[in-house]
Amino acid sequence: MLNLDIARIFSEIADIFEVKGENPFKIRAYRKAALTIETLTQDLKVIAERGGVKELKKIPGIGEGIAKKIVEIAETGDCKKHIELRREVHAELLELLAIPRVGPRTIAKLHQELGITNIENLEKAAKSHKLAGLPGLGAKVEENILKGIEQYRSYQGRALLSKALPYAESIVNELKKLDAVEQILIAGSLRRMRETIGDIDILVVSKQPEDIMDAFTSLEDVEDVIAKGETKSSVIIKGINADIRVVDAVSFGAAAHYFTGSKHHNIGIRELGMKRGLKINEYGIFCGDERIGGEHEEDVFASVGLAYIPPELREDRGEIEAAKENIIPKLIEISDLKGDLHVHTNWSDGKSSIDEMAEVAISLGYEYTAVADHSPAVGIAGGLNEEKIVKRQEEIDRVNESFEAEGVKFRVLSAVEVDIKSDFSMDFSDEILKDFDVVVGAVHTKFSQDRETMTTRIVTAMENPNVDIIAHPTGRLLRKRDPYEVDMERLMAAAKDTETILELNSFPERLDLNDIHCKMAKDYGVLIAISTDAHAATQMGAVIKYGVATARRGWLEPEDVVNTRELEEVLKMVKR
DNA sequence: GCCGTTTTCGGCCCGACTGTTTTCAGTCG
């Protein structure tokens, strides 16, 4: 039973309560517990077995009731309450919650009045105008439900950060042309740099909000206008929801904080405000009727006695407590990086030569880059063989000598991305591996091995004294391929024991390790390499921001990351 | 269901927009 499975049970309980119209605060409690569990860096089952209810209750947001259920789930695989609720409300009905602008109250009403149980049912009823006429429902609602169903089908789930960010930037660039725009900020999950994005949020300071609303809702790529008010509008643009909000300059900080979220972070901050007799909303910080701040985002934190919290940390994962104690980490920045320890060249499946990769690395201010071409097992990648290794080494030497002759402080490291085969062996012998500067081990085949086997496979690689880094440790491709089954706790413990570095692969569809696992690595004292896995020179600079953002979301500081070090130190940290 | 430098009971973030309504519920973030 994984944390994610336990979280899913509580999340579903919350969904069912929602449809049943339970006390909203109880629903919130279950949702918060689910979120906390999802992002926990320790194994909940282990905590439950070790310390029971008493130990579980120490986790914020988990009290007596949920702790008891966790123990029950750890022991039996589910809890009675959940099974009972599932009998009352069918899972299919809960899927309707995912339809935009259809909420739990509407679903409950339609279920009770018309016996609607799934999307097909709902669509049919709306098309034959069975909804209009029910209390509180009219023709417009029918129309909106059909639109919502269409949107749900055409655009399921969330967009990749790397897809949504350029859209948001182009909206900002378009709106910046207006004189009425004084300030403009991309907020929401984009500002927090979440790996996937539900919608684009933009905040504008202007004295002429109507002009902004008009311009926004008539942008070239707008496909549908969901709402258009005096200070807030919502559209569908290239299949993604985009919201805009206009405030006065005096409210900019408070609005930026509010609009950046996350929702649970905001609730946490506003609750702190309440305890101090303050009201915090998007217009400012108020003591009674008197505004005491809100022009700058810092005001919000200061008003409740907190240090500034960077957007990437605002997920209600302990950042408020850390800010209280003034121990917010000094997060890593792109400028801290001194090299890239995993790139490919045209000696395997890369598009660029060693020279070109080096030139770009130098332009990024790096002092080294490790060319880690594939080993032969990854057939389609045209991997290295023994003959190519020798020739490639000659070229690496030639390039390094020319840098030395020109007095350029840069070195190309000879590396390999060696396949960790399904029988636990490495794709190159130790005899060959020992001669590389850096060895990056990676799983590329047989993703379906069971958890125990896959974990042992990777741990065996870590135990090999020649293997320095494990690339993309979970193998996931966002929205395409689930991570393979692996016991992350065992992986972390083994990485610590064997002094193996774990990679944070910066490719936006990988971001692997993810933010939570990065934090876990930090807790275990395991070093991270933020690498690009660039297959062309241009990719190196383009994707690194996603890797660094994920590292920041994982609370990483420069010292947690191996490639913030000078070359000499890195060479000492790899095993040889 | 959670939580406690006002509380172990009585609170629980806050506001915009829409649609169906004459004052508000539902949805969203």
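Below, chains carry the letters A, B, ... as their sequence lines are ordered, and counting in each starts from 1.
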Using a cut-off of strictly less than 4.0 Å, decide whether [X] has a side-chain nitrogen or oxygen near OP1 or OP2 of [N].
X        : N      : answer
A/Asn266 : B/dC13 : no
A/Arg101 : B/dC17 : no
A/Lys228 : B/dA16 : no
A/Thr231 : B/dC17 : yes
A/Ser262 : B/dG29 : no

Of the listed nucleotides [options], the one nearest the side chain of [X]:
X        : options                : result
A/Arg245 : B/dA16, B/dT27, B/dG1  : B/dA16
A/Tyr30  : B/dG1, B/dT27, B/dC28  : B/dG1
A/Val141 : B/dG19, B/dT27, B/dG15 : B/dG19
A/Asp199 : B/dC2, B/dG15, B/dG29  : B/dG29
A/Lys140 : B/dG19, B/dG15, B/dT27 : B/dG19
A/Thr106 : B/dG1, B/dA16, B/dG26  : B/dG26
A/Asp201 : B/dC13, B/dG29, B/dT27 : B/dG29
A/Arg270 : B/dC14, B/dC12, B/dC17 : B/dC14

Chi class for B/dT5: syn within 90° of 0, otherwise anti: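 Nucleotide B/dT5 adopts anti.
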Ignoring hydrogens and angles, tell me if any N or O in the side chain of A/Arg270 forms a donor-acceptor pair with the backbone of A/Ile280 under 3.5 Å.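 Checked: pair present.
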Under a 3.5 Å cut-off for both contacts, is B/dA16 paired Watson-Crick or G-U wobble with anything, and if yes, with which nucleotide?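 Paired with B/dA16, as far as the under-3.5 Å criterion goes, is B/dT27.
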Could you tell me whether [X] contacts a base, only the sugar-phosphate backbone, or nothing, with contacts defined as non-hydrogen atoms closer than 4.0 Å?
X        : result
A/Ile269 : nothing
A/Pro104 : sugar-phosphate
A/Tyr283 : sugar-phosphate
A/Ala139 : sugar-phosphate

Atom CD of A/Glu271 and atom C1' of B/dT5: how far apart are they, to the nearest Å? 16 Å
When the distance from CE of A/Met274 to P of B/dT6 is rounded to whole Å, what number comes out?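 Rounded to whole Å, this separation is 12 Å.
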If each of A/Lys109 and A/Gly138 is mapped to the nucleotide of DNA chain B with the nearest heavy atom, which maps nearer the 5' terminus, i.e. the 5' end? A/Gly138
Want to settle it: does A/Leu278 or A/Val102 sit nearer the 5' end of DNA chain B, counting the closest nucleotide to each? A/Leu278
Rounding to the closest angstrom, what is the interatomic distance between [N] and [M] at atom [atom1]?
N      : M      : atom1 : value
B/dG26 : B/dT21 : C1'   : 13 Å
B/dT23 : B/dC28 : P     : 26 Å
B/dC12 : B/dG19 : C1'   : 29 Å
B/dT6  : B/dG11 : C1'   : 12 Å
B/dT20 : B/dA25 : C1'   : 9 Å
B/dC2  : B/dC13 : C1'   : 16 Å

Which atom of [X] lies closest to which atom of [Y], heavy atoms considered:
X        : Y        : value
A/Arg553 : A/Arg192 : NH1-O, 2.9 Å
A/Tyr546 : A/Ser506 : CB-O, 3.6 Å
A/Ile200 : A/Ala164 : CD1-O, 4.0 Å

Parallel, tilted or perpendicular for A/Phe10 and A/Tyr30, by the 30°/60° rule?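 Aromatic pair A/Phe10/A/Tyr30 classed tilted.
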Are A/Arg194 and A/Leu161 close enough, and set up right, to give a side-chain contact (heavy atoms from CB on, under 4.5 Å), and what steps lead you there? CA-CA 7 Å; A/Arg194 271 191 68 173; A/Leu161 172 62; over 6 Å; no
Measuring from A/Thr260:OG1 to A/Glu312:CD, what's the distance to the nearest 0.5 Å?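 Between atom OG1 of A/Thr260 and atom CD of A/Glu312 there are 10.5 Å.
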